[in-house]
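Below: the structure, in structure tokens.
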Amino acid sequence: MKTLRLILGDQLSQSISSLKGHNPDTDIILMCEAWNEATYVKHHKKKIAFLFSAMRHFSEGLKNKGFNVEYTALDASDNAGSFSVEVKRMLSKYNFDQIVVTHPGEYRVLEELQSLEDELNIPVEIREDDRFLCTPSEFVSWAKDRKQLRMEYFYREMRKKYSVLMDDDAPAGGQWNYDAENRKPPKEGLDVPAPYIGTVDDITQEVISLVSKRFDTHFGDIEPFYFAVTRADALQVLDQFIAQRLPHFGDYQDAMIEGEPWMYHSHISFYLNCGLLLPLECVQAAETAYQQGKVPLNAVEGFIRQIIGWREYVRGIYWLKMPEYADQNFFEAQRPLPDFYWTANTKMNCVRQCVLETKKNAYAHHIQRLMVLGNFALLAGIDPKHVNEWFLIVYADAYEWVELPNVSGMILFADGGYLASKPYAAGGSYINKMSDYCKNCSYKVTEKNGPDACPFNYLYWDFLDRNREKLSGNHRIGMMYKTFERMGEDKQKTIRDDSQEFFSKVDNDILV
Ligand code: FAD
Ligand code: DLZ
Ligand code: SF4
């Protein structure tokens with residue numbers, strides 16, 4: 001059977017299911033830099049350069065192994081611009097009996113691929129993406145009959161299934177979760193290790209020039225460019241993380257320090273999500289370091305939970321709930337995204353730092369995304385569509401299957417509590433406790449109201465007040481309404497007035 005095997009930009013694993021049974025004498029592998037994919041949202045320049053360079057290196061690797069690869073570069077004169085039209089072009093060039101592709105990461109692309117069979121009158125086999133550790137149908141079985149899903153219970157099943165950090169049937173150390181020992185505020189003078197700095201070879205340099213020219217209106221800095229773009233280099237990033245950062249991963253998982261964008265995080269999401277690294281190998285590398293006594297249990301458990309827990313859980317929810325999930329808007333939030341999410345032009349130092357780092361690195365760590373950028377979007381009632389688009393654009397690890405549940409489910413509570421049990425709303429004191437941003441801010445985190453007060457402080461209460469009907473019955477946040485009542489009417493009015501004034505400035509593009 002002469003087979004056209006399509007490999008998408010986030011399927012850069014030689015073990016990918018679409019290559020199983022490959023016959024080098026008859027089959028052709030199609031990879032394509034598609035204008036459509038790079039512009040259906042205006043991805044960060046660094047994200048596009050990273051993926052194009054990783055794709056080009058991956059295709060070279062396949063060619064060196066004797067695979068017959070048709071690689072369509074962005075500027076190729078016959079580039080048809082989208083997956084489906086590129087496939088059609090290949091069919092007009094060669095005769096194929098079938099098309100094989102691994103299940104894509106986005107619902108939008110799945111629909112496009114599914115329509116090919118009828119349109120082109122050729123069998124299209126969409127194979128399971130077995131790089132993930134839980135299939136969508138296994139997740140459906142787990143979720144069945146549960147009114148609310150909770151990551152913690154899913155995670156325990158995954159630990160057992162893959163026998164990770166287990167002493168026979170019991171969790172290593174006697175507990176499933178060591179978060180109580182994690183999440184320390186940043187200490188003065190922490191000596192955070194330098195991040196991985198990849199070298200820019202000719203392929204990457206060419207891609208940097210291409211992207212700078214063709215995507216010059218897109219957000220973000222393309223240089224300096226330090227990402228790994230091959231599997232060998234991504235493995236080095238993983239090794240460096242395990243040796244240098246993992247021991248403190250748990251302790252400082254939620255800490256933010258001005259000028260330290262990378263902290264003790266792993267920076268492997270880019271590589272995991274495009275296939276240069278595989279989740280189980282990262283988990284096993286961390287577990288081995290623990291078994292060798294090189295890292296403490298609280299750190300290794302916290303890290304492993306992110307990968308076999310959160311990562312698989314959000315993907316399960318995505319495929320369970322799409323396409324409706326993308327339209328959820330529990331709070332009926334309608335405010336457009338403020339311009340400072342692009343320009344960083346705000347007096348709120350925490351937001352400014354996180355946007356600046358995002359622009360420079362196409363990366364921000366979890367707590368910056370959740371408790372600064374996400375928290376503000378939640379409190380300010382920003383339309384989930386706008387917030388989702390921003391998060392999909394700006395991070396080099398962003399694909400809809402992982403971005404959407406994190407944004408609509410985790411930060412905006414737009415699904416009404418399906419993914420998370422309560423909104424992650426917080427005032428300035430949380431940011432002050434977990435970061436040093438407030439000491440360089442024009443606002444005063446200790447002031448609750450008035451022109452100098454930290455906006456997060458009054459916006460937090462205003463958010464609860466505005467959404468009383470929807471939240472007062474929530475057992476994890478409902479008790480905050482008692483505190484609000486105790487403030488008395490004058491104080492409550494001041495909170496509403498300060499918030500209104502703040503929003504009127506935001507809506508009129510006045511510096512806040
Ligand atoms: P680490 O902190 O070192 O964690 C290790 C790994 O665990 C990550 O590489 C990632 O693969 C996984 N992980 C951790 N948290 C999550 C999570 N909540 N969901 C899924 N995987 C997780 N992650 C993405 O990969 N792509 C996204 O588009 C994305 N968007 C996000 C948007 C918001 C609003 C929030 C709150 C989180 C988002 N995350 C996303 C999750 C998380 O922030 C990133 O995975 C993490 O910051 C990547 O950096 P790291 O590799 O240094 O992660
Ligand atoms: C994100 C992305 C970008 C920017 N460009 C391409 C591309 O040119 N070619 C390609 O095959 N894939 C690209 N991708 C990744 C796809 O959008 C991704 O495969 C889908 O989002 C499905 O997960
Ligand atoms: Fe952010 Fe408020 Fe602290 Fe300023 S004072 S950095 S706005 S939390």
Side-chain angles (χ1 to χ4, degrees), residues 6-13 28-64 67 69-90 93 104-106 108-109 112 196-234 237 267 269-271 273-276 342 358-363 389-390 392-399:
L6 174 63
I7 295 196
L8 310 180
D10 53 356
Q11 300 184 339
L12 309 181
S13 319
I28 287 180
I29 292 159
L30 170 63
M31 296 181 69
C32 142
E33 292 171 9
W35 183 253
N36 234 23
E37 292 305 309
T39 56
Y40 79 96
V41 294
K42 294 179 81 174
H43 299 286
H44 193 300
K45 291 191 200 80
K46 199 165 264 172
K47 178 181 185 181
I48 303 177
F50 163 63
L51 263 195
F52 283 7
S53 177
M55 285 170 67
R56 289 183 185 199
H57 282 92
F58 183 77
S59 121
E60 288 306 304
L62 289 182
K63 284 178 190 163
N64 291 340
F67 289 63
V69 184
E70 280 270 359
Y71 188 95
T72 318
L74 190 84
D75 274 351
S77 56
D78 48 359
N79 187 326
S82 76
F83 294 141
S84 42
V85 192
E86 268 296 292
V87 167
K88 276 181 215 156
R89 196 168 69 77
M90 284 302 127
K93 205 164 155 189
E106 299 194 351
R108 166 188 73 82
V109 180
E112 184 179 347
Y196 174 86
I197 296 196
T199 45
V200 172
D201 66 6
D202 290 348
I203 293 183
T204 303
Q205 193 54 62
E206 200 174 304
V207 163
I208 289 176
S209 310
L210 172 79
V211 173
S212 312
K213 208 164 64 202
R214 299 293 304 278
F215 301 97
D216 60 328
T217 62
H218 288 213
F219 174 76
D221 304 344
I222 198 162
E223 288 181 298
F225 186 95
Y226 295 140
F227 287 140
V229 289
T230 63
R231 173 161 167 78
D233 290 348
V237 176
H267 330 133
S269 50
F270 327 111
Y271 314 121
N273 295 352
C274 77
L276 294 182
W342 304 110
T358 298
K359 178 171 171 288
K360 184 170 170 203
N361 302 318
Y363 176 84
E389 181 171 300
W390 187 83
L392 191 56
I393 285 174
V394 303
Y395 294 116
D397 57 24
Y399 302 87

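Between M90 and E70, some side-chain heavy-atom pair lies under the 4.5 Å cut-off. Looking only at side-chain heavy atoms (C-beta outward), S13 and L276 stay at 4.5 Å or farther from each other. Contact of the I29 side chain with the K63 side chain is not registered, since no non-hydrogen atoms from C-beta on lie closer than 4.5 Å. The shortest side-chain heavy-atom distance between R214 and D75 falls under the 4.5 Å cut-off. Within the 4.5 Å cutoff, side-chain heavy atoms of Y40 are placed close to those of L392. Using a 4.5 Å heavy-atom threshold, the side chains of I208 and S212 count as touching.
Between C274 and G9, the shortest heavy-atom contact is CB-O, 3.9 Å. Taking every heavy atom of both residues into account, L74 and A34 meet most closely at CD1-C, 4.4 Å.
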Test side-chain contact (heavy atoms from CB on, under 4.5 Å) on F227 and S53 and set out the steps. CA-CA 10 Å; F227 287 140; S53 177; over 6 Å; no
Verdict with reasoning, I393 to W342, per side-chain contact (heavy atoms from CB on, under 4.5 Å): CA-CA 11 Å; I393 285 174; W342 304 110; 3.9 Å; yes
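Between the side chain of N79 and the main chain of A73, a donor-acceptor pair closer than 3.5 Å is present. D10 places no side-chain N or O within donor-acceptor distance of the main-chain N or O of N273, the cut-off being under 3.5 Å. Not a single donor-acceptor pair under 3.5 Å links the side chain of T72 to the backbone N or O of C32. Between the H43 side chain and the V394 main chain, no donor and acceptor come within less than 3.5 Å of each other.
Here E106 contributes atom CD and E37 contributes atom CD; the two are 7.0 Å apart, rounded to the nearest 0.5 Å. The structure places NE2 of H44 at 9.5 Å from CD1 of I222, a figure rounded to the nearest 0.5 Å. Rounded to the nearest 0.5 angstrom, N64 CG and L62 CG are separated by 9.0 Å.
The residue from F225, Y271, Y226 that alone fulfils the ring pair (Phe, Tyr, Trp, His ring centres under 6.0 Å) condition with F50 is Y271.
For the residue pair S82/N36, the side-chain donor-acceptor check at 3.5 Å is not satisfied.
For E389, there are no salt bridge (Lys or Arg N to Asp or Glu O under 4.0 Å) partners two or more places apart in sequence or in a different chain. For the salt bridge (Lys or Arg N to Asp or Glu O under 4.0 Å) test, no residue two or more places apart in sequence or in another chain qualifies with E112. Under the rule for a salt bridge (Lys or Arg N to Asp or Glu O under 4.0 Å), the partners of R56 that lie at least two apart in sequence or sit in another chain are E33, E206. The ring pair (Phe, Tyr, Trp, His ring centres under 6.0 Å) check on F215 picks up W35, H218, with sequence neighbours excluded. Annotation: salt bridge (Lys or Arg N to Asp or Glu O under 4.0 Å) contacts of D78 (sequence neighbours excluded): R89. In this structure L6 satisfies the side chain to side chain contact (heavy atoms under 4.5 Å, CB included) test together with L8, L30, V87, V101, L113, sequence neighbours excluded. The ring pair (Phe, Tyr, Trp, His ring centres under 6.0 Å) check on Y363 picks up W262, H267, F270, with sequence neighbours excluded. By the ring pair (Phe, Tyr, Trp, His ring centres under 6.0 Å) test, F52 is found to be paired with no residue, residues two or more places apart in sequence or in another chain being considered. T230 pairs by the side chain to side chain contact (heavy atoms under 4.5 Å, CB included) definition with H57, A232, D233, not counting sequence neighbours. In terms of the ring pair (Phe, Tyr, Trp, His ring centres under 6.0 Å) criterion, F83 has no residue partners (sequence neighbours excluded).
For an aromatic pair to be called close, the ring centres must be under 6.0 Å apart, and Y71 with F58 fails this.
The stretch residues 41-52 participates, sequence neighbours left out, in no salt bridge (Lys or Arg N to Asp or Glu O under 4.0 Å) pair at all. Sequence neighbours left out, the pairs with a member in residues 222-231 that pass salt bridge (Lys or Arg N to Asp or Glu O under 4.0 Å) are R231-E281.
For D202, the CG atom counts as loosely surrounded, since its 6.0 Å shell holds 12 or fewer non-hydrogen atoms of other residues, nucleotides or ligands.
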